Amino acid sequence: MATSTSKKRKQQQRQASIRLVIMLAILICVNILASHFHYGLDLTSEKRFTLSSSTQKLLKNMNEVAVVDIYLVGKLPSDFQHLKDATAERLQSFKEYAGKNIVFKFVDPMEGKTGQDRLATFKQLEEKGIRPIDLKRYGDEDYSEKIVFPFALVQYNGRELSVRLIEDNPSMSDAEVLNFSETKLEYKLATAIHNLMVADRPRVAYITGNGEPLSINTIDALTTLSYLYHLDSFDITHIAHIPDAYDAIIINKPTLPFDDKQKFLIDQYVMDGGHVLWMLDMVNANLDSLHTSEQLIAMDMGLNLDDMLFKYGVRVNPDLIEDNQCVQLPIMVGMKNGEPVTEKQDWIYYPEFTPTSKHPIVNNMDMILGKFVSSIDTIKDPEIKKTILLESSKYSRVAPTPARVSLAMAKFKPTLEMLNKPYRPVAVLLEGKFKSLYQNRLPPSTLRMLDSIKHPFVAAGKADNSMIVISDGDMMLNDYTVSTGPYHLGYWHYTRQMFSNKTFVLNCLEFLTDRSGLLEARSKQQKLRLLDEGRIKKERVEWQFVNIGIPILLVLIFASAYVFFRKRRYEAKAVK
């Protein structure tokens, strides 16, 4: 009997050992397969973990190894730790398509450095565009301060480019900024790799010669563009032709009329495949003028561009949009103790545009601020595709010129019934084969002259082209004050709101100059699901017990039940 029991026990031990070996072998095989093959199921409503098709294509076409050094390291607050983890997750998803061509690691640039070495490292990083931020946090009973580098350095094919991982938006809370930053990780990292892969950056020209602003009002936009493009500026009145080496030109808020020679240069540039970003004020209304006088009469600027734009597919009307969805402006309502008393009133001539189009240029974009904006009509032309990027709200109307405008009008806002011209287009994308304004209009002598200087006249575009027309010349102009200097483009300092004007302008130019399709990744959105801080403090112990205590309690209950029933089963066998 004892021998039989001993043999049975040895057989059970042998079977247990075999099962253990099999389980270990299965685990090893699963881990080996997991290291080479990975598949995830993205169940989020906004598909936050799914790379866009353009990013996937970019990563699959990589021929060299991209090394990404992430400088966001060390002991970080929970929200920054979340951004760090999100960066690692996004790069890990990059590896799934690029394989060994993506290598990333976390690097502390200040590790082991003191004194002069530390200062030298700071200088080296600053030369690469990597600047630290002083992270200050106030708790209920403590205060902390830490220097962090929210940057990544991407190195590819002997070149390198820094990527700022955190956005800069003064109108958002810290949690909103970090969430917004996470949504842009794919676009930023993919764009950095793309820019390092291409031999040269696109070339963009800012046109002057017709009163276009080139001063402190354009400093934010032009500084940003200079980092992304080879940016030039030239006077159109002093050139014989616009070089086709420029991928796009910017015509921003001209105040003087264009003559036929200037229009001909632009027209031929378009016929040769050049792209144009038009930002036009058709009416001479300006808020600064109202600060010096009680009212102004808004008149047609007379830019002499109507026939040209009509030929391309749109008409920018000499009118002003009045919109119920608008920003507020401080208006003087009286005097008290010799001092003016101001109240913030809705200013219907500064509309807030909420993008509703699904086009990648504006998809999921926040509101955009307009200033004295005109309406746009599209012209029926089957060869030109028109996509409305921005339009006024449901409660809007247009005021034809000449129109009287005064600050006192803010006190007498029109009723919703009076705002009966909804959804007026203010930004339109035109795509197709454009025809020249001067087709069948030039005399033979002019045609021969153009041939002699090796710039023959082109009557129609040979390939599909695109341009964007925006009926607001202030779209890429930043405000400024004498005391604070220039503000960020899109920042409305009276109400401390940050609008997406800069993103909109950048998206427009990116669409016109680059067909890689990475703009799709930029329009991704991630919903912010914030916790209630009041409930966190009040119910902390309760939820700690739910998340920690209950699972332990359940394990103990199941373990006790297992032991109890197992003991009863063996006791029953022993009785038999």
Side-chain angles (χ1 to χ4, degrees), residues 31 34-35 37-52 55-56 59 66-111 125 130-137 139 144-155 161-169 172-193 364 521-522 524-533 536 540 543-544 547-548:
N31 278 277
S35 64
F37 305 99
H38 176 77
Y39 179 77
L41 187 61
D42 191 350
L43 298 178
T44 59
S45 60
E46 60 267 29
K47 299 299 179 183
R48 69 171 66 180
F49 301 111
T50 303
L51 298 182
S52 64
T55 302
Q56 296 175 19
L59 296 172
V67 179
V68 185
D69 292 336
I70 307 169
Y71 295 139
L72 194 60
V73 296
K75 187 177 180 181
L76 301 168
S78 59
D79 44 7
F80 272 82
Q81 182 65 40
H82 184 73
L83 180 62
K84 173 186 174 182
D85 296 339
T87 305
E89 290 174 1
R90 199 66 70 247
L91 289 170
Q92 183 60 44
S93 64
F94 278 23
K95 285 179 67 69
E96 295 171 13
Y97 295 93
K100 296 180 180 179
N101 285 333
I102 291 288
V103 176
F104 67 93
K105 57 184 183 296
F106 290 91
V107 178
D108 185 355
M110 296 300 161
E111 184 178 6
L125 293 174
I130 300 174
R131 299 177 180 83
I133 63 173
D134 189 4
L135 190 61
K136 299 177 180 179
R137 292 297 169 97
S144 62
E145 186 172 352
K146 181 180 178 62
I147 299 295
V148 297
F149 293 87
F151 283 87
L153 185 67
V154 182
Q155 304 169 69
L161 191 65
S162 63
V163 176
R164 184 180 173 92
L165 302 177
I166 190 168
E167 292 290 314
D168 184 13
N169 193 324
M172 291 183 178
S173 66
D174 292 342
E176 290 172 328
V177 166
L178 288 164
N179 179 76
F180 184 59
S181 302
E182 185 179 340
T183 64
K184 296 297 178 283
L185 286 176
E186 177 190 337
Y187 170 77
K188 288 182 177 181
L189 294 169
T191 301
I193 295 173
N364 291 331
R522 189 173 194 165
K524 291 178 71 174
Q525 187 181 39
Q526 182 170 308
K527 295 180 180 179
L528 182 61
R529 298 172 174 91
L530 296 175
L531 296 176
D532 188 327
E533 294 186 3
I536 290 174
R540 177 187 295 271
W543 287 107
Q544 283 177 340
N547 287 283
I548 300 175

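Quantities reported herein were computed from a predicted structural model and do not represent experimental measurements.
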*Got Val163 and Val68 here, is their nearest side-chain heavy-atom distance under 4.5 Å?*
no
*Value rounded to 0.5 Å, distance of CZ in Phe104 from CG in Leu91*: 5.5 Å
*Any side-chain heavy-atom pair of Phe149 and Val73 under 4.5 Å*: no
*asked:* If I take atom CG from residue Leu165 and atom CG from residue Leu72, how far apart are they, to the nearest 0.5 angstrom?
replied: 6.5 Å
*Should Phe94 and Thr55 count as side-chain neighbours, where that means a heavy-atom distance under 4.5 Å?*
yes
*Side chains of Glu89 and Leu185: closer than 4.5 Å at any heavy-atom pair?*
no
*asked:* Please find the pair of heavy atoms, one from Phe151 and one from Arg131, that lie closest to each other, and give the distance.
replied: CE1-O, 3.0 Å
*Tell me, do Ile102 and Ile193 make a side-chain contact under 4.5 Å, heavy atoms counted?*
yes
*Between the side chain of Glu186 and the main-chain N/O of Leu51, is any donor-acceptor distance below 3.5 Å?*
no
*Can you check whether Arg90's main-chain N or O pairs, donor with acceptor, with Ser93's side chain at less than 3.5 Å?*
yes
*Between atom NZ of Lys84 and atom CD of Gln81, what is the distance when rounded to the nearest 0.5 Å?*
5.0 Å
_So, taking the atom named CG in Leu153 and the one named CG in Leu161, what distance separates them when rounded to the nearest 0.5 Å?_
8.0 Å
*Compare every heavy atom of Asp69 with every heavy atom of Gln155, then report the nearest pair and how far apart it is.*
NE2-OD2, 3.1 Å
*Close side-chain approach of Lys105 to Val67, heavy-atom, < 4.5 Å*: yes
*So do Met110 and Leu125 actually touch side chain to side chain, heavy atoms under 4.5 Å?*
yes
*Rounded to the nearest 0.5 Å, what's the gap from CD1 on Ile166 to NZ on Lys188? Could you check?*
8.5 Å
